[in-house]
Amino acid sequence: MDEQQIKKLRRDLTFTRIMCLITSVLTILLLVGGGYLLNQVRGIMGQVQPVLDQAAAVDIENVNATLRQVKVSLENVDLEQVAEMMEQAVETLNEVDIEALNDAISGLDTEELSRTLANLNDAVESLKRVEESLDKIFGKRKSA
């Protein structure tokens, strides 16, 4: 081999070594970047896992059935009738004499009213107990 071929081979060898060095550095950088991304993905998965568990716990069939019922209910609503009812309610509210209502309420003795309601409640409870006792005596059972 002559001197020129050896110089050419040395240049080629130097070029090949530089390319190998650059390729090695790029490979190491890619591996480090992949490790960093893997670490980030693990962190995100740790945060997302509770949400995924809750989503998995949802009873999709029950939700679908409920949505179907809502859809059927909405299809059966007579909007004209609802509008008429709302108009009647507004008319009724417009007819209420607020001043007279306020005057009637202001004259009430709230303590006396509270005592009366408490007495009425006690009387109702006593009647319920008497009814239950009579039902036991005569063998009647309440229908569920």
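- Of the inter-residue distances, the one linking Asn39 atom CG with Ile44 atom CD1 reads 10.0 Å to the nearest 0.5 angstrom.
- Interatomic distance, Glu125 CD to Leu120 CG, rounded to the nearest 0.5 Å: 10.5 Å.
- Using a 4.5 Å cut-off between side-chain heavy atoms of Ile, Leu, Val, Met, Phe, Trp and Tyr, Ile22 falls into a hydrophobic cluster with Ile18, Leu26.
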Review item, side-chain donor-acceptor pairs of residues 83-91, under 3.5 Å, at least two apart:
none

Indicate every side-chain donor-acceptor pair of residues 112-119 with a distance under 3.5 Å to a residue at least two apart or in another chain.
from, atom 1, to, atom 2, distance (Å)
Glu112, OE1, Arg115, NH2, 2.7
Ser114, OG, Thr110, O, 3.0
Thr116, OG1, Glu112, O, 2.8
Asn119, ND2, Arg115, O, 3.4

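- The distance from atom CG of Leu30 to atom CG of Leu37, rounded to the nearest 0.5 Å, is 10.5 Å.
- Hydrophobic side-chain contacts under 4.5 Å tie Val25 into a cluster, directly or through other members, with Leu29.
- Membership of the apolar cluster around Val58 extends to Ile60, Val63, Leu67, as traced through chained side-chain contacts below 4.5 Å between ILVMFWY residues.
- Counting only residues at least two apart or on different chains, the salt bridge (charged side-chain N to carboxylate O under 4.0 Å, His left out) pairs with a member in residues 11-29 are Lys8-Asp12.
- Residue Gln5 places its CD atom among more than 12 non-hydrogen atoms of other residues, nucleotides or ligands, all under 6.0 Å distant.
- Taking each heavy atom of Gly46 and Pro50 in turn, the nearest pair found is O-CD, 3.5 Å.
- Note: Leu38 CG to Met45 CE = 11.5 Å, rounded to the nearest 0.5 Å.
- The CG atom of Leu13 sits 9.5 Å away from the CZ atom of Arg10 when rounded to the nearest 0.5 Å.
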